[in-house]
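To find a chain, count down the sequence lines: A is the first, B the second, and so on, and within it residues start at 1. Basis for what follows: all heavy atoms, side chains included, without hydrogens, waters or symmetry-related copies.
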Protein chains: 2
Amino acid sequence: MDRLFHALADATRRDILRRCVRSGLSVSRLAEAYPMSFAAVQKHVTVLERAGLITKRRRGRERLVHTDPGAVDRARQALGELETAWRARVDRMSGLLADDPGPDPGPEAGSGDKETTEGQDR
Amino acid sequence: MDRLFHALADATRRDILRRCVRSGLSVSRLAEAYPMSFAAVQKHVTVLERAGLITKRRRGRERLVHTDPGAVDRARQALGELETAWRARVDRMSGLLADDPGPDPGPEAGSGDKETTEGQDR
DNA sequence: TCCATCTACAACCATTTGGTTGTAAGTTAA
DNA sequence: TTAACTTACAACCAAATGGTTGTAGATGGA
């Protein structure tokens, strides 16, 4: 998770992700797009790879970079958990203001508001 | 955007966000929860504040930290933009295979959640 | 074969990061 | 006022980051 968000915390790397969502690009082609050395771009690609955000497929002497949508979705879900907790708080407040009989199959319904506050993030 | 994701790229900071979603906590209370100095936790709070992920309200001599759900949502939307581009690509491929009677409706039933897919960095 | 291209990786450097300790200032309670 | 508590911030340090250059291994084409 650290690696995932760290990889996203750089404009160049986010741009690489955008360029490689639709079709794979070789590292050389990518490097042409940025005002830095080939090796620098290669390092960015390595960071993205170790974060699981991209994979490389070889084609001839090139390595085609393409982003892994699954990893992007994983990051979104992590943020979604935070939002869910916030929404639950708002819902409680709403509940106090309205006798809402609405059928609310909440995410972790049941065990009230168990203070999860334990061990960082899995 | 850099600051936003950078702030999220640390387990301690993500934990602070979780703890402060439901109710504000003073920096001192937060600091008790981690195996590091008060000043270190204070620095983490500063990083989160500069990223717009939390705000501080003063109560007496304390400063209550509480997370800003809007900022979390902003990060999700940025990731949603990436996913949308990927989904468009999958949709094109689906179009090519549309004649296939395969019993595979695909995991992403297209018109799922409309993400705003708009302005982020740049 | 020889050459150009693409990639990988090491060594190096400046800056940032995450942590520490110490000092000072504002606020509440006695 | 004095003492305790909470916060802010500076100075310092080791390690990581983001960039550079240089060298070397594969691969494809003339």
Side-chain angles (χ1 to χ4, degrees), chain A residues 1-20 23-68 71 75 119-121, chain B residues 1-20 23-68 75 121-122:
Chain A
M1 190 64 79
D2 284 14
R3 276 184 292 228
L4 217 174
F5 282 116
H6 168 69
L8 289 167
D10 181 280
T12 300
R13 288 195 288 263
R14 288 194 301 275
D15 195 67
I16 290 176
L17 284 181
R18 285 191 213 100
R19 286 175 190 263
C20 298
S23 61
L25 283 176
S26 72
V27 184
S28 293
R29 290 298 155 272
L30 277 174
E32 293 171 358
Y34 306 101
M36 64 184 76
S37 68
F38 170 83
V41 174
Q42 201 177 23
K43 279 191 178 183
H44 283 303
V45 169
T46 298
V47 170
L48 289 168
E49 191 174 23
R50 297 198 62 210
L53 280 165
I54 61 147
T55 54
K56 284 190 264 188
R57 277 189 59 152
R58 77 176 307 151
R59 185 185 65 180
R61 58 188 160 187
E62 305 174 319
R63 295 285 180 101
L64 279 300
V65 172
H66 56 96
T67 100
D68 175 13
Q120 321 281 73
D121 51 344
Chain B
M1 189 64 73
D2 284 13
R3 277 186 291 231
L4 217 175
F5 282 116
H6 168 70
L8 289 167
D10 181 280
T12 299
R13 289 194 288 262
R14 290 194 300 273
D15 195 66
I16 290 176
L17 284 182
R18 285 192 212 97
R19 285 176 192 263
C20 298
S23 60
L25 283 175
S26 71
V27 184
S28 294
R29 291 297 154 273
L30 277 173
E32 292 170 358
Y34 306 102
M36 64 184 75
S37 68
F38 169 82
V41 172
Q42 202 177 23
K43 280 193 180 182
H44 282 304
V45 169
T46 298
V47 170
L48 289 167
E49 192 174 22
R50 298 198 63 211
L53 281 165
I54 61 147
T55 55
K56 284 191 264 190
R57 277 189 58 150
R58 75 176 309 150
R59 185 185 65 180
R61 58 186 159 189
E62 304 174 320
R63 297 286 181 98
L64 279 302
V65 172
H66 56 95
T67 99
D68 174 12
D121 46 359
R122 82 165 61 107

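- Side-chain nitrogen and oxygen atoms of His6(A) include at least one within less than 4.0 Å of the OP1 or OP2 phosphate oxygen of dG18(D).
- Against DNA chain C, the stretch residues 39-50 of chain B makes heavy-atom approaches under 4.0 Å through Ala39(B), Ala40(B), Lys43(B), His44(B).
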Evaluate the criterion side chain to side chain contact (heavy atoms under 4.5 Å, CB included) for residue pair Asp2(A) and Arg14(B); output intermediate values, then yes/no.
-> CA-CA 10 Å; Asp2(A) 284 14; Arg14(B) 290 194 300 273; 2.8 Å; yes
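- Ser28(B) comes within contact range of the sugar-phosphate backbone alone, with a heavy-atom separation under 4.0 Å but no base atom that close.
- With rounding to whole Å, Glu62(A) atom CD is found 18 Å from dA4(C) atom P.
- Rounding to whole angstrom units, CZ of residue Phe38(A) and C1' of dT7(C) are separated by 5 Å.
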Enumerate donor-acceptor pairs with a distance under 3.5 Å from any side-chain N or O in residues 3-10 of chain B to protein atoms, sequence neighbours excluded.
| unit_1 | atom_1 | unit_2 | atom_2 | d |
| --- | --- | --- | --- | --- |
| Asp10(B) | OD1 | Thr12(B) | N | 2.9 |
| Asp10(B) | OD1 | Arg13(B) | N | 3.1 |

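- Partners of Ala40(A) under the side chain to side chain contact (heavy atoms under 4.5 Å, CB included) rule, at least two apart in sequence or in another chain, are Met36(A), Ser37(A).
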Return all side-chain donor-acceptor pairs below 3.5 angstrom for residues 45-56 of chain A, not counting sequence neighbours, or 'none' if the list is empty.
| unit_1 | atom_1 | unit_2 | atom_2 | d |
| --- | --- | --- | --- | --- |
| Thr46(A) | OG1 | Gln42(A) | O | 3.0 |
| Glu49(A) | OE1 | Lys56(A) | NZ | 3.4 |
| Thr55(A) | OG1 | His66(A) | NE2 | 3.2 |

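- In this structure, Asp2(A) atom CG and dT17(D) atom C1' are separated by 15 Å, rounded to whole Å.
- In terms of heavy-atom proximity, Val27(A) sits nearest to Phe38(A) at CG1-CE1, 3.6 Å.
- The distance from atom CG of Leu25(A) to atom CD1 of Ile16(A), rounded to the nearest 0.5 Å, is 10.0 Å.
- Of the listed nucleotides (dT7(D), dT20(C), dT21(D)), dT21(D) has the atom at the smallest distance from the side chain of Ser37(A).
- With sequence neighbours excluded, the residues forming a side chain to side chain contact (heavy atoms under 4.5 Å, CB included) with Arg59(A) are Glu62(A), Leu64(A), listed by chain and number.
- Applying the side-chain contact (heavy atoms from CB on, under 4.5 Å) test between Val65(B) and each of Leu30(B), Val41(B), Leu17(B) identifies Leu30(B) as the sole match.
- Taking atom CZ of residue Arg29(A) and atom C1' of nucleotide dT7(C), one finds them 13 Å apart after rounding to whole Å.
- A straight line from CZ of Phe5(B) to P of dT16(C) spans 22 Å, rounded to a whole angstrom.
- Between the CE atom of Met36(B) and the P atom of dG18(C) there is a distance of 10 Å, given to the nearest Å.
- Ranking dT20(D), dT21(C), dA8(C) by closeness to the Lys56(A) side chain, first place goes to dA8(C).
- Sorted by first and then second residue, the salt bridge (charged side-chain N to carboxylate O under 4.0 Å, His left out) pairs with a member in residues 30-39 of chain B read Arg29(B)-Glu32(B); sequence neighbours excluded.
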Per-nucleotide protein contact string for nucleotides 25-30 of chain D, where B marks a base within reach and S marks sugar-phosphate only (heavy atoms under 4.0 Å, - for neither) | --BB--
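- Distance CG (Asp10(A)) to P (dA16(D)): 19 Å, rounded to an integer number of Å.
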